[in-house]
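See below for the structure under consideration.
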Amino acid sequence: MASANRGFQGAVIRMFRAPELRLRVLAAALECGGLMKRITFTSVDPFPDELFLPAAWIRLWFSTGDGREVQRAYTVASYSQERHTVDVSFYLHQTTGPAASWALHVRAGAEIRASVFGSRAFRPLAEAHGVALLGDETAFPAVRAIAASLPETTTVRVILTGTHDLSAFMPQRRGRDERDDDGMDAGLSDTGATGSLVTGGLATGSLAAGGLTTRYVPVAKAARAFERMVLRGALATEPQRGAESVDERHTEHDTRAARRLAGRGDDMRWLCWAAGESSMMRAVRSALRHHEDDAVASLQVQGYWSARRLF
């Protein structure tokens with residue numbers, strides 16, 4: 001049987017001799033209130049080690065029905081302890097298109113080809129004092145995988161954005177879930193933050209070592225909220241009305257004042273990871289690149305998709 005036409009992208013991937021896998025579907029089930037579908041794959045050949053890093057992704061090839069194939073990249077959401085299977089979560093944001101149609105209707109036993117090329121996994125940084133994550137629905141599997149991979153002693157702050165609030169589906173750590181209406185909620189009141197505040201192993205409103213905090217913020221304010229989260233010690237209480245606020249441009253004096261409000265000294269630095277719609281990621285880069293000498297120890301930003309074009 002002749003191979004399908006994969007166009008320019010396929011030619012580039014072949015040129016770099018990227019590993020190709022033949023995957024078989026073992027199981028498929030809805031998750032996250034039906035907004036996503038998790039599909040478990042096995043492979044005839046061993047999975048490459050690079051797929052077992054947090055937020056690593058794999059390229060799946062989908063038939064268009066006219067002899068062509070197109071590729072889409074998906075995060076490896078989880079994998080079996082023996083590394084014999086991997087799970088991929090598909091965000092069901094549309095019902096048309098080759099990838100969406102395949103994910104909606106796939107059943108156990110189906111096969112699909114995959115390429116391992118260009119994956120940019122999460123890179124830990126020992127010098128960082130905490131990890132700050134931002135992602136929309138397309139990046140949610142990666143955000144969740146990163147958070148789950150970190151030791152419970154690591155302070156993790158998450159902002160989720162997009163059309164749907166997925167904060168209830170984030171992994172939880174030891175400790176009870178809390179909501180601090182007078183403290184942490186106030187910290188992002190002007191950004192439109194909503195949803196449950198999930199904390200574990202962390203004193204509410206403080207930045208003690210360890211703990212996972214998740215917040216949902218609308219897309220239009222996500223980049224600004226992410227910047228504030230980093231500069232203010234991640235969702236710490238902001239000044240009361242009438243008090244001096246942090247200026248949009250964040251001078252060095254304002255940045256230090258913001259950290260003092262968060263109860264931290266000048267040495268609090270974050271590993272910042274963000275992924276999602278491309279224009280939002282450009283805004284994130286613009287907002288945080290000026291703080292790479294102080295609050296930002298490392299900035300890892302990836303555009304997963306573009307609202308301005310169809311693939």
Side-chain angles (χ1 to χ4, degrees), residues 9 13 18-21 23 25-33 35-43 47-62 70-80 83-94 97-100 102-104 106 112-124 131-150 156 158-164 166-167 169-171 212 214 222 271-278 280-281 284 300-306 311:
Q9 291 182 334
I13 292 174
E20 180 162 315
L21 306 174
L23 306 184
V25 175
L26 291 183
L30 294 175
E31 62 173 346
C32 299
L35 294 173
M36 293 193 172
K37 191 170 187 178
R38 176 167 289 217
I39 298 177
T40 301
F41 295 99
T42 187
S43 174
F47 290 108
D49 289 342
E50 62 190 277
L51 291 183
F52 302 111
L53 300 173
W57 39 270
I58 189 168
R59 299 176 186 270
L60 302 179
W61 291 96
F62 301 93
V70 294
Q71 64 85 22
R72 302 288 186 270
Y74 290 92
T75 301
V76 175
S78 62
Y79 53 87
S80 64
R83 299 189 173 187
H84 293 161
T85 65
V86 299
D87 294 334
V88 173
S89 292
F90 291 75
Y91 173 42
L92 304 176
H93 58 99
Q94 60 181 11
W102 185 90
L104 283 170
V106 70
I112 190 170
R113 295 281 181 170
S115 297
V116 182
F117 177 74
S119 176
R120 295 170 58 192
F122 172 77
R123 302 182 300 279
V131 176
L133 306 173
L134 168 68
D136 60 13
E137 294 97 337
T138 63
F140 180 72
V143 169
R144 190 165 54 178
I146 292 170
S149 73
L150 295 170
V156 185
V158 179
I159 285 184
L160 298 176
T161 188
T163 307
H164 305 93
L166 297 176
S167 57
F169 304 103
M170 282 292 293
L212 169 67
T214 303
L271 190 169
C272 301
W273 184 97
E277 200 279 323
S278 295
M280 180 173 63
M281 293 303 103
V284 169
Q300 303 173 24
V301 181
Q302 299 181 54
Y304 277 6
W305 64 285
S306 174
F311 291 91

Side chains of Val76 and Asp87 in contact at under 4.5 Å (non-hydrogen atoms): no
What are the two closest non-hydrogen atoms of Ala145 and Pro54, and how far apart are they? O-CB, 4.4 Å
Heavy-atom closest pair, residues Pro171 and Ala147: CG-CB, 4.1 Å
Please give me the minimum heavy-atom distance between Ala73 and Trp57, naming the atom from each residue. CB-CE3, 3.4 Å
Do Cys32 and Tyr91 come within less than 4.5 Å of each other through their side chains, counting heavy atoms only? no
Tightest non-hydrogen contact, residues Ala55 and Trp273, listed as CB-CZ2, 4.1 Å
Aromatic ring pairing Phe90/Trp102, orientation class (parallel under 30°, perpendicular over 60°, tilted between): tilted
Is a side-chain donor or acceptor of Glu50 paired with a backbone partner of Ser119 at a separation under 3.5 angstrom? no
Only counting residues at least two apart or in another chain, list the ones meeting side chain to side chain contact (heavy atoms under 4.5 Å, CB included) with Ala132. Phe226, Met229, Val230, Trp270, Cys272
Enter the distance from Arg59:CZ to Leu21:CG here, rounded to the nearest 0.5 Å. 13.5 Å
Any side-chain heavy-atom pair of Ile39 and Val106 under 4.5 Å: yes
Working to the nearest 0.5 angstrom, can you tell me the gap between Met36 CE and Phe169 CZ? 9.5 Å
Given 3.5 Å as the limit, does a donor-acceptor pair link the side chain of Glu137 with the main chain of His164, or not? yes
Determine, stepwise, if the pair Leu133 / Val156 fulfils side chain to side chain contact (heavy atoms under 4.5 Å, CB included). CA-CA 8 Å; Leu133 306 173; Val156 185; 4.1 Å; yes
Excluding sequence neighbours, so at least two apart, what forms salt bridge (Lys or Arg N to Asp or Glu O under 4.0 Å) with Glu31? Arg38, Arg144
With no hydrogens and no angle check, is any side-chain donor or acceptor of Ser80 less than 3.5 Å from a backbone partner on Thr85? yes
Hey, does the side chain of Lys37 reach the backbone of Leu30 with a donor-acceptor pair shorter than 3.5 angstrom? no
Side-chain contact, heavy-atom cut-off 4.5 Å: Asp49 with Arg83? yes
Roughly how far, to the nearest 0.5 Å, is CZ of Phe122 from CG of Leu53? 11.0 Å
Stepwise, does the side chain to side chain contact (heavy atoms under 4.5 Å, CB included) test hold for Thr75 with Val88? CA-CA 6 Å; Thr75 301; Val88 173; over 6 Å; no
For the residue pair Thr161 / Asp136, report whether a side-chain donor-acceptor contact shorter than 3.5 Å exists. no
Can you give me the closest heavy-atom contact between Ala222 and Met280, atom names plus distance? CB-SD, 3.8 Å
Please lay out, stage by stage, how Thr40 and Val25 fare under the test side chain to side chain contact (heavy atoms under 4.5 Å, CB included). CA-CA 6 Å; Thr40 301; Val25 175; over 6 Å; no
Going from CZ on Phe41 to CD1 on Ile112, what distance comes out if it is rounded to the nearest 0.5 angstrom? 6.0 Å
Show the numbers, then the answer: is there a side chain to side chain contact (heavy atoms under 4.5 Å, CB included) between Met170 and Val143? CA-CA 9 Å; Met170 282 292 293; Val143 169; 4.0 Å; yes
pair Leu23-Leu60: side-chain heavy atoms closer than 4.5 Å: yes
Between Ala139 and Gly276, which heavy-atom pair has the shortest distance, and what is it? CB-N, 4.3 Å
Hey, could you give me the CG/CG distance between Leu150 and Leu271, rounded to the nearest 0.5 Å? 9.0 Å
So does Arg120 get a backbone contact from the side chain of Gln302, meaning a donor-acceptor N/O pair under 3.5 Å? yes
Any donor-acceptor N or O pair under 3.5 Å, side chains Trp61, Ser115: yes
How about Phe47 and Val86: do any of their side-chain heavy atoms sit closer than 4.5 Å? yes
Look up atom CD in Glu20 and atom OG in Ser43, then write down how far apart they are to the nearest 0.5 Å. 10.5 Å
